[in-house]
Chemist: 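Got a structure for you, written out below as structure tokens; questions coming shortly.
Atoms within each ligand, like the ligands themselves, are counted from 1 in listed order.
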Amino acid sequence: MITWSRNTPFEATDTLQETWTYHEDGHQKSIPVEIFLGKPIDIVSLKKENIEDFASKIDSISQSRKNLYQDTSLEHVMVCPVCSSSTDTATKIIKIYGAQYCRCNYCTHHFVLDRLSQKAIEEFYTSNQTYQSTYADPETLQKRLKDISLPKARWTIERFEHLVGQKPKKILDVGTGSGHFVHACRTLGIEADGLEISQSGVKFCKDIFGIKLIQKDFITEWESLGDYDIITFWGVIEHVPGPVIMLKTAAQLLDKKPSMIVTEVPRWACFGTEVQKLFPTSIIRHLDPLGHIQMFTDSSLATTFLKGGFEPNAAWYFGMDYYELLVQTAHHLGDKNILETMKSYINPIQNALDHSRSVDTIVLAGTSTQAE
Ligand SMILES: [Zn+2]
């Protein structure tokens, strides 16, 4: 079995120092990891248009997922996407819209056991406008930049300066969507490019930010990409069948120079997951088996880093767990006012969850184990 343990202070301050230790078959490796807890955001204004049509969103999302997962051409996952051990011994946890989430008992990774073909996934991301529209709405653009993209860009640049001891020269954001993060990096004076396969994301980014994204496949076309010292994956490696291959490819592109990767992924063990387990018929994010075919634990993400050629050096925990509870409550009680009434409580309560790390999101940054 692969297990990770951590040494941590009793008091959960906003930032703290930990040691993470990897254990497998008598081998172990200890790594210092800097921890960041919490990220306040005005989620109600960001999601305003989504609250009003939450019920219709549930209808369309549940129907599309059920249809896709009824398909007889599903591929059975034979080995764990992180540790490659057989899925015969995996534990089935919960079905969402017909998709079976299971747990690998060797490395604790969670994933959808019978998944859509890679072709079906690619077709979805290449053509689906609804998916991009959540991120591409011009009205919420400024708020999204200020509350989400700029803090992420700042965190990334600061981690690099701290770990590598210099400013980054150029950042590549893989699966950049509408390019918010690329724009944020450039706003902060750091050169950045974005890789995106969806037409709507490429068009939005050109129209709104005047930035031309690179429309290439990271895995197969990485050799034609430029010279970068940071590669970021914001909400990307949970969508792909092979998260380790994504990181190995990043390691090849970064080669042996001082460099860093950043990944943001959904976490399995959190308040939001427990809420969604209670309301499995009204899920539109997080345990959405169309996008999130991989659901990480801190262990399985750290293992993904090691197997991909990186060691984890900094982790940032935050989420929308309490918001999820409010949305589900509002929906099931048929009371849209709940969100408006409770909105001033969202940040304080989420902040408490952030500090206990019962959150649906982790950002992990790491440096190459090959670097000279
Ligand atoms: Zn595994």
Chemist: Are the charged groups of Asp298 and Arg267 less than 4.0 angstrom apart, N to O?
Modeler: yes
Chemist: If you have a sec, read the angle at the Zn ion (ligand 1) from Cys104 atom SG over to Cys80 atom SG, to 10 degrees.
Modeler: 110°
Chemist: Check Thr156 against Lys152 and note the closest heavy-atom contact, atom names and distance.
Modeler: OG1-O, 2.7 Å
Chemist: Taking both backbone and side-chain atoms into account, decide whether His109 has an N/O/S atom under 2.8 Å from the Zn ion (ligand 1).
Modeler: no
Chemist: Between the side chains of His109 and Gln294, does any donor sit under 3.5 Å from an acceptor?
Modeler: yes
Chemist: To 10 degrees, how wide is the angle SG (Cys107) to the Zn ion (ligand 1) to SG (Cys83)?
Modeler: 110°
Chemist: Can you tell whether the side chains of Glu24 and Lys29 come within less than 4.0 Å, N to carboxylate O?
Modeler: no
